[in-house]
Amino acid sequence: MSQVRVRFAPSPTGSFHIGSARTALFNWLYAQHTGGKFILRIEDTDKERNTPEALQHLIDGMKWLGLLWDEGPEVGGDFGSYFQSERKDVYQVYLKKLRDTDRAYDKDGAVFFRLEGDRYQAYDNFKKCEVEKVKAEPQVINDLVRGKVERAEEQDFVIFRKNGEPVFHFVNVVDDICMQISHVIRGEDHLSNTSKHCELFKAFGHTPPEFAHIPLILKSHGSGKMSKRDEGALIDEYQSRNFLPAAVRNYLCLLGWSPKDDREVLPIEEIIQLFSLEGINKNNARFDEKKMSFINSEHLRHLPIDEFINLAKPILTAAKLIDENIDTDYLNSVLKICQEKVRSIDDLPSFCNYFFNEDFDFNEKAKNKILKKGEPKSRLTELLNAIEKLEKFDQVSLEELVQVLAGKFDVNTGAYIHTGRLAVSGTNAGPSFYGMLEVLGKEKTVNRINRLLEII
RNA sequence: GUCCCGUUCGUCUAGCCAGGUCCAGGACACAGGGUUUUCAUCCCUGUAACAGGGGUUCGAAUCCCCUACGGGACGCCA
C-alpha cells in the first residue's frame, strides 16, 4: 500500500475554530498512526475574505496544539505551492483538460462543469426558479466512517467565477490530485459535496481518494453546529486563558472518538497508537466546556512539578505576586502544595496570593461563616500560644499540635483548622492546612494569627 | 422543499459490524455522604438512557422496515 498522505485545508478567513482544529487533529492523528504525511494547504482563493492575520492565527494555533505539518507553509515540500493563491497556472492546466473533454463550458461569464446525463427543466423550490437539471449517475463513496453513501448531483456547477478565480470544489480536487492525497478526512458538512468532487476526480481520469467524514461539533446550548461566535469556539480563547494545549487536544480527541476502554485522560502517544478512522463515531457531538475544564485540570495536576513551576512563574509575575527576586525554594514549595488542588492555571494567582502578600483581604463570606460559629477568638489564642512554643515547625508536628489542642479543650480539630486557615490565608479553601503553615513558616503564621485576633 | 447523514443517562461515550454474559458499563455535571483535617484534591453513594412502532428470532440496544426527531448540504463561500 502506498504512503498515507492527508491534508488539512483551511481557509484563513478569521480565527481558528475548534471544529477546524479537530479536523486538523484527526488528520494529524491518522498521519501519525500510519506513519504518513500531514500536509497543510491554505485555501485562499477568495481574496476578499482571506487575511494575513487570520493565516498567522491559524499557524500559531496549529503549533500551539502541537499539530506540526510535514509539508506546507514555512516548511515547504515537493508538491508546492501550498497556497492556492499561488497555484493559478496549475488550475488553468486542469481547466484546459476539462475543456478538451467538453466537460467545462462558459455561461454568464463563469465557467461551469458539465454533468453527464439526460437534461430536463424543473422548478427549484429552494432557489424559487426554473432550473436545468441532469439525471446523472449517482456517485458512490465508501466512507471510512459512515460506510456506503450514494448521492447524485443534479445540476452543473460553477468551477471558475466571473472574476476568473477558481472555486473551492475545483481547486480542492485539483490539489488533492497534485498533492497525491490518499485520504480526505473532513467534516460531515462536506458529505453532500463529495458527489461533486467525485464527478471532478473522474472527469480528470482519477480514482477518488478514500473519504472519512467526521461528525460535527454542535454548540453546547441551542441548536446547530458550533459557530465562531459561540462561547468556547475559538482556539485563541484557550490559549489566552492558559489552558494546557495537551488538554485541549485530549478533549478534542474525545469528541467523536474514544479509546473504547473507559479511559479519557491519556497521553497523545497512546492516542496515536489507538486511533483509527473506523473508530470514529457517526453522530455529532455537543461541546461541553465543563468537561473540557475537567480534562484540563486533570492534565494540570499530573504535570511534572518542574513544568508546573515553569508555567506558573509568568502567570504569578503578571499578577504582580512575584518578581525576579523571589526565593526560588519558597516559590517551589508553595507551588508544590497548590498543584494538587488548583483547577486551572488561571486560578492560581487568586488561589495562592496570600503566600506572597502580608496584607491580603479576607473573603467576606468565609469570614462570616467561620467567625460566627463557636468561639473563634479562644481557638485562635490557643492555637497561637501553642504554635509559639512549638520548636519543630513542620506538618507532622503541627498536626499533632492541633490534635492535642482539640483533646485538651474538647473541640473538633476543625475549629482550629477553620479559624487558623482564615487567619493565614483569608479564606476557607486552599491547600492542606498543615502544609500551608509549614511553607509559610512560624513567623508569618504567628503574625497573621495576631492580625486576625486584633480585628475580631 | 429536495438530497445526504445520524438517534444509548442532561452531556461525552462503551456495548452494535460477529444477537444471549446488558433489568446496559465508564466519565463530566448534579445531589448526598466520608476522610474524628478545612477545600476546589481524594474516596463512597445516588439520580439518570437503548427515540417510537412494526418485523426477523427461542432470544434484539445489537439485524430489517416505517415514523418521528436532530444535524448537514443545496453560494460565482470554503
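Proteins come first, then strands; the chains are lettered A, B, ... in the order of their sequence lines, and each starts at number 1.
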Rounding to a whole Å, what distance do you find between [X]:[atom1] and [N]:[atom2]?
{"X": "K148(A)", "N": "C5(B)", "atom1": "NZ", "atom2": "P", "answer": "11 Å"}
{"X": "K135(A)", "N": "U2(B)", "atom1": "NZ", "atom2": "P", "answer": "15 Å"}
{"X": "K127(A)", "N": "U2(B)", "atom1": "NZ", "atom2": "P", "answer": "16 Å"}
{"X": "I141(A)", "N": "C5(B)", "atom1": "CD1", "atom2": "C1'", "answer": "11 Å"}
{"X": "E132(A)", "N": "U2(B)", "atom1": "CD", "atom2": "P", "answer": "22 Å"}
{"X": "Q84(A)", "N": "A78(B)", "atom1": "CD", "atom2": "C1'", "answer": "9 Å"}
{"X": "D143(A)", "N": "C5(B)", "atom1": "CG", "atom2": "C1'", "answer": "10 Å"}
{"X": "E153(A)", "N": "U2(B)", "atom1": "CD", "atom2": "C1'", "answer": "12 Å"}

Enumerate all atom pairs, one protein N or O and one N or O from nucleotides 60-66 of chain B, separated by less than 3.5 Å.
none

Every protein N/O lying under 3.5 Å from an N/O of nucleotides 39-41 of chain B:
from: C39(B); atom 1: O2; to: K341(A); atom 2: NZ; distance (Å): 2.5
from: C39(B); atom 1: O2; to: G430(A); atom 2: O; distance (Å): 3.1
from: C39(B); atom 1: N3; to: K341(A); atom 2: NZ; distance (Å): 2.5
from: A40(B); atom 1: O2'; to: K341(A); atom 2: O; distance (Å): 2.9
from: U41(B); atom 1: OP1; to: R343(A); atom 2: NH1; distance (Å): 3.2
from: U41(B); atom 1: O2'; to: E340(A); atom 2: O; distance (Å): 3.2

Taking only residues two or more places apart in sequence, or in another chain, which ones meet [X] in a ring-ring contact (aromatic ring centres under 6.0 Å, His included)?
{"X": "F294(A)", "result": "none"}
{"X": "Y120(A)", "result": "none"}
{"X": "F8(A)", "result": "none"}
{"X": "W257(A)", "result": "F275(A)"}

**Request:** Establish, yes or no, whether the cationic atom of R22(A) lies under 6.0 Å from the six-membered ring centre of F26(A) and within 45° of the ring axis.
**Result:**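 Yes - R22(A) lies over the ring of F26(A), closer than 6.0 Å to its centre and within 45° of its axis.
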**Within 45° cone and under 6.0 Å: R343(A) NZ/CZ vs F351(A) ring** = no
Side chain of [X] only, heavy atoms from C-beta on: which candidate in [options] is closest?
{"X": "A110(A)", "options": "C76(B), G72(B), C4(B)", "answer": "C76(B)"}
{"X": "V158(A)", "options": "C4(B), A78(B), C76(B)", "answer": "C76(B)"}
{"X": "R161(A)", "options": "U2(B), G71(B), C77(B)", "answer": "C77(B)"}
{"X": "F126(A)", "options": "C74(B), G72(B), U2(B)", "answer": "C74(B)"}

Counterpart base for [N], defined by Watson-Crick or G-U wobble contacts under 3.5 Å:
{"N": "C3(B)", "result": "G72(B)"}
{"N": "A48(B)", "result": "none"}
{"N": "A27(B)", "result": "U11(B)"}
{"N": "A61(B)", "result": "none"}

I'd like the [atom1] distance from [M] over to [N], given in whole Å.
{"N": "G25(B)", "M": "C9(B)", "atom1": "C1'", "result": "12 Å"}
{"N": "C30(B)", "M": "A24(B)", "atom1": "P", "result": "25 Å"}
{"N": "G19(B)", "M": "U62(B)", "atom1": "P", "result": "12 Å"}
{"N": "U11(B)", "M": "C58(B)", "atom1": "C1'", "result": "38 Å"}
{"N": "C12(B)", "M": "C23(B)", "atom1": "C1'", "result": "24 Å"}
{"N": "C16(B)", "M": "G1(B)", "atom1": "P", "result": "37 Å"}
{"N": "G26(B)", "M": "G46(B)", "atom1": "P", "result": "10 Å"}
{"N": "G72(B)", "M": "A78(B)", "atom1": "C1'", "result": "15 Å"}

**Asked** Does K228(A) put a side-chain nitrogen or oxygen below 4.0 Å from OP1 or OP2 of A78(B)?
**Response**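 K228(A) to A78(B) OP1/OP2: no side-chain N or O under 4.0 Å.
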**Fill in**
Reading nucleotides 8-21 of chain B from 5' to 3' and marking B where a protein heavy atom lies under 4.0 Å of the base, S where only the sugar-phosphate is that close, and - otherwise, the string is S--SBSSS------
For the residue pair [X] and [Y], what are the closest heavy atoms and their distance?
{"X": "F170(A)", "Y": "Y91(A)", "value": "CZ-O, 3.6 Å"}
{"X": "P215(A)", "Y": "G256(A)", "value": "CG-CA, 4.3 Å"}
{"X": "C338(A)", "Y": "P431(A)", "value": "SG-CG, 4.0 Å"}
{"X": "E188(A)", "Y": "N284(A)", "value": "OE2-OD1, 4.5 Å"}
{"X": "A203(A)", "Y": "F113(A)", "value": "CB-CE1, 3.6 Å"}

**Asked** Base, sugar-phosphate alone, or nothing: which one does E399(A) contact when heavy atoms must sit under 4.0 Å apart?
**Response** base
**Item:** K408(A): side-chain contact (heavy atoms from CB on, under 4.5 Å) partners, not counting sequence neighbours
**Value:** none
**Asked** In residues 165-177 of chain A, which ones come under 4.0 Å of RNA chain B, going by heavy atoms?
**Response**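 Residues of residues 165-177 of chain A that come under 4.0 Å of RNA chain B are, in numerical order, V167(A), F168(A), H169(A).
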**Complete:** Per the under-4.0 Å heavy-atom filter, residues of residues 187-201 of chain A near RNA chain B come out as E188(A), D189(A), H190(A), L191(A), S192(A), N193(A)
**Request:** Only pairs at least two apart or in different chains count here, so list each ring-ring contact (aromatic ring centres under 6.0 Å, His included) that has a residue in residues 402-435 of chain A.
**Result:**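 For residues 402-435 of chain A: none.
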**Item:** SB check E154(A) K133(A) (cutoff 4.0 Å)
**Value:**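 Salt bridge: yes.
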**Prompt:** Do H197(A) and H169(A) have ring centroids that are under 6.0 Å from one another?
**Reply:**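 Centroid distance H169(A)-H197(A): below 6.0 Å, so yes.
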**Request:** Determine the interplanar angle of the Y251(A) and F287(A) rings, folded into 0 to 90°, and report it as parallel if under 30°, tilted if 30 to 60°, perpendicular if over 60°.
**Result:**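 It falls in the perpendicular class, over 60°.
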Please set out all donor-acceptor pairs under 3.5 angstrom arising from side-chain atoms of residues 158-166 of chain A, sequence neighbours excluded.
from: N163(A); atom 1: OD1; to: E165(A); atom 2: N; distance (Å): 2.9
from: E165(A); atom 1: OE2; to: K47(A); atom 2: NZ; distance (Å): 3.3

**Asked** Just wondering, are more than 12 heavy atoms of other shown residues or ligands nearer than 6.0 Å to CD in E231(A)?
**Response**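 For E231(A), atom CD is not crowded (no more than 12 foreign heavy atoms under 6.0 Å).
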**Prompt:** Do F79(A) and R5(A) come close enough that some side-chain heavy atom pair is under 4.5 Å?
**Reply:** yes
**Prompt:** Pick the nucleotide of RNA chain B nearest each of S11(A) and R151(A); which residue has the one closer to the 5' end?
**Reply:**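 By nearest-heavy-atom nucleotide position, the 5'-most residue is R151(A).
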